[in-house]
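Residues: numbered from 1 along the sequence shown.
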Amino acid sequence: MRHFISANQLTVEEIMRLFETADWYRGTGLELKQQLFAANLFFEPSTRTKSSFIIAQRKLGMEVLDFHTETSSVKKGESLYDTAKTFESIGANLLVVRHQSDSWFEKLKGNISIPMINAGAGTAEHPTQCLLDLMTIYQEYRTFNDLKIVIVGDIKHSRVAQSNAYALKALGAKVFFSAAPGFEAYQLDFPYISIEEAVNRCDAIMLLRTQHERHDQRSAFMTDYLENYGLTKGREKQMKKHAIILHPAPINRGVEIDSDLVECERSRIFKQMENGVYIRMAIITNILQEWGIMNENTIEKCKTAISSR
Ligand code: NCD
């Protein structure tokens, strides 16, 4: 059985089906005729991803188990593995995991018999963020073919960069990177362009947060980072007419992006967050159905649509 670990495990058809399911959830109320428990095991800080998963689970009628590393037996030294085994034993039906290790799932995947969703693995992968980013771009252009998309910023330390670059390429987009010296990740095979070229050529600019917590020391170039490598108001004016701005957030306002651009017309940053709930609902039901934990009959459409968005 598949755990959802990487965006690259999905085919193009599967990604498109997830978008359709997510759109369906956007406008439809649900009633789950089954008791199902979800545990969200976040070993790294999170605002959006964790809350988005909780809302997705509650909208699906699932019961969300309480877990915080600070008040759990993790404080007594319990490992991710033993924590996951515990939730499996007491009856959780789904684990959502974020951990600082790039490969936290390696030890777990053969030994945990309930589905797991990767909510962030070190600097390696963040597949649900990737899907919500893809969905936001797809809403705009209805295709990925020949779109020019640039991922800008701290590529070396960002799990979002890696997930997105390969998925976008598989979907037919032309992907570029733009990074300050030292923030590149040359093991990922994508061409680098300057921020000037990026704003002039690309249909979507995906900014990344500078991941201070993953740096050994503050790089000298951080002093003039926005001016030299970030999205300033001047550069925003050079963007193509229909080009959009994305950022997974949290945002370092005034570092990778001028604060005034966060909510500008081109920005899809809050749309990304909204989409995150629906795509996560689609991912959760997809995996629970694939594992035979949830079947179609247990979800009943409410008679009236609850949202007109
Ligand atoms: C990202 C993450 O945690 O990887 N945020 C998120 O999940 N929305 C990006 C980041 O922390 O910079």
Side-chain angles (χ1 to χ4, degrees), residues 4 7 10-38 40 46-64 93-94 96 115 117 119 126-145 147 163-164 167-168 171 173 203-204 206 242 244-249 263 265-309:
F4 186 47
L10 299 174
T11 64
V12 171
E13 292 70 34
E14 284 173 322
I15 292 175
M16 291 298 160
R17 265 205 305 280
L18 284 170
F19 291 171
E20 273 171 36
T21 311
D23 273 337
W24 185 81
Y25 283 136
R26 191 188 300 274
T28 315
L30 295 173
E31 208 183 311
L32 186 68
K33 301 198 165 303
Q34 197 180 356
Q35 189 178 45
L36 291 176
F37 295 99
N40 301 309
S46 173
T47 297
R48 267 151 297 273
T49 306
K50 187 171 181 187
S51 305
S52 173
F53 265 110
I54 291 173
I55 291 188
Q57 290 153 355
R58 295 223 166 113
K59 276 180 179 268
L60 289 168
M62 297 182 78
E63 310 217 14
V64 181
N93 304 102
L94 172 72
V96 175
I117 298 177
H126 194 349
T128 65
Q129 178 69 41
C130 170
L131 283 178
L132 75 87
D133 293 341
L134 298 179
M135 186 172 167
T136 308
I137 295 171
Y138 189 72
Q139 271 173 351
E140 210 69 36
Y141 294 104
R142 308 313 293 179
T143 182
F144 292 96
N145 274 336
L147 281 185
S163 287
N164 274 326
L168 284 164
L171 287 160
D203 303 295
M206 306 182 85
H242 301 291
I244 56 169
I245 300 167
L246 297 102
H247 191 309
E263 287 152 79
E265 217 182 300
R266 293 182 191 279
S267 168
R268 298 293 179 272
I269 298 173
F270 295 96
K271 188 76 192 165
Q272 287 172 271
M273 296 178 202
E274 183 194 317
N275 284 339
V277 172
Y278 300 107
I279 201 74
R280 290 185 172 109
M281 290 173 80
I283 293 164
I284 291 169
T285 45
N286 191 271
I287 201 166
L288 289 174
Q289 285 171 5
E290 212 174 280
W291 280 64
I293 293 169
M294 182 190 268
N295 58 54
E296 300 246 6
N297 307 336
T298 59
I299 305 177
E300 279 210 350
K301 282 182 228 178
C302 288
K303 292 204 172 49
T304 49
I306 51 165
S307 164
S308 55
R309 271 199 284 202

Working for side chain to side chain contact (heavy atoms under 4.5 Å, CB included), residues E20 and D23: CA-CA 5 Å; E20 273 171 36; D23 273 337; 5.8 Å; no
Geometric class of the Y138/F144 ring pair [parallel <30°, tilted 30-60°, perpendicular >60°]: parallel
Evaluation steps, side-chain hydrogen bond (donor to acceptor under 3.5 Å, both in side chains), between N275 and Q139: CA-CA 10 Å; N275 284 339; Q139 271 173 351; 3.0 Å; yes
Please list, chain by chain and in numerical order, all residues satisfying side chain to side chain donor-acceptor pair (under 3.5 Å) with [X], sequence neighbours excluded.
X    : result
T21  : none
N40  : Q57
E263 : R253

Atom pair OG/CD of S267 and Q272 - distance to nearest 0.5 Å: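 Between atom OG of S267 and atom CD of Q272 there are 7.5 Å.
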Trace of the side chain to side chain contact (heavy atoms under 4.5 Å, CB included) decision for L94 with M294: CA-CA 11 Å; L94 172 72; M294 182 190 268; over 6 Å; no
K271/E274 ion pair, N-O < 4.0 Å: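 Judged by the 4.0 Å cut-off on N to carboxylate O distance, K271 and E274 do form a salt bridge.
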Heavy-atom closest pair, residues I279 and L18: CD1-O, 3.8 Å
Residues that E265 engages under salt bridge (Lys or Arg N to Asp or Glu O under 4.0 Å), provided they are two or more places apart: none
For E14, salt bridge (Lys or Arg N to Asp or Glu O under 4.0 Å) partners two or more places apart: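 E14: salt bridge (Lys or Arg N to Asp or Glu O under 4.0 Å) contacts with R2.
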Qualifying salt bridge (charged side-chain N to carboxylate O under 4.0 Å, His left out) pairs with a residue from residues 132-145, counting only residues at least two apart or across chains: E140-R268
List the residues meeting side-chain contact (heavy atoms from CB on, under 4.5 Å) with [X], not counting sequence neighbours, and say none if there are none.
X    : result
F37  : Q35, E63, L65, N93
D203 : Y141, L147, K148, K240
A119 : F42, T49, F53, V96, R98

Non-neighbouring partners of F4 that pass ring pair (Phe, Tyr, Trp, His ring centres under 6.0 Å), sequence neighbours left out: none
pair L10-L131: side-chain heavy atoms closer than 4.5 Å: yes
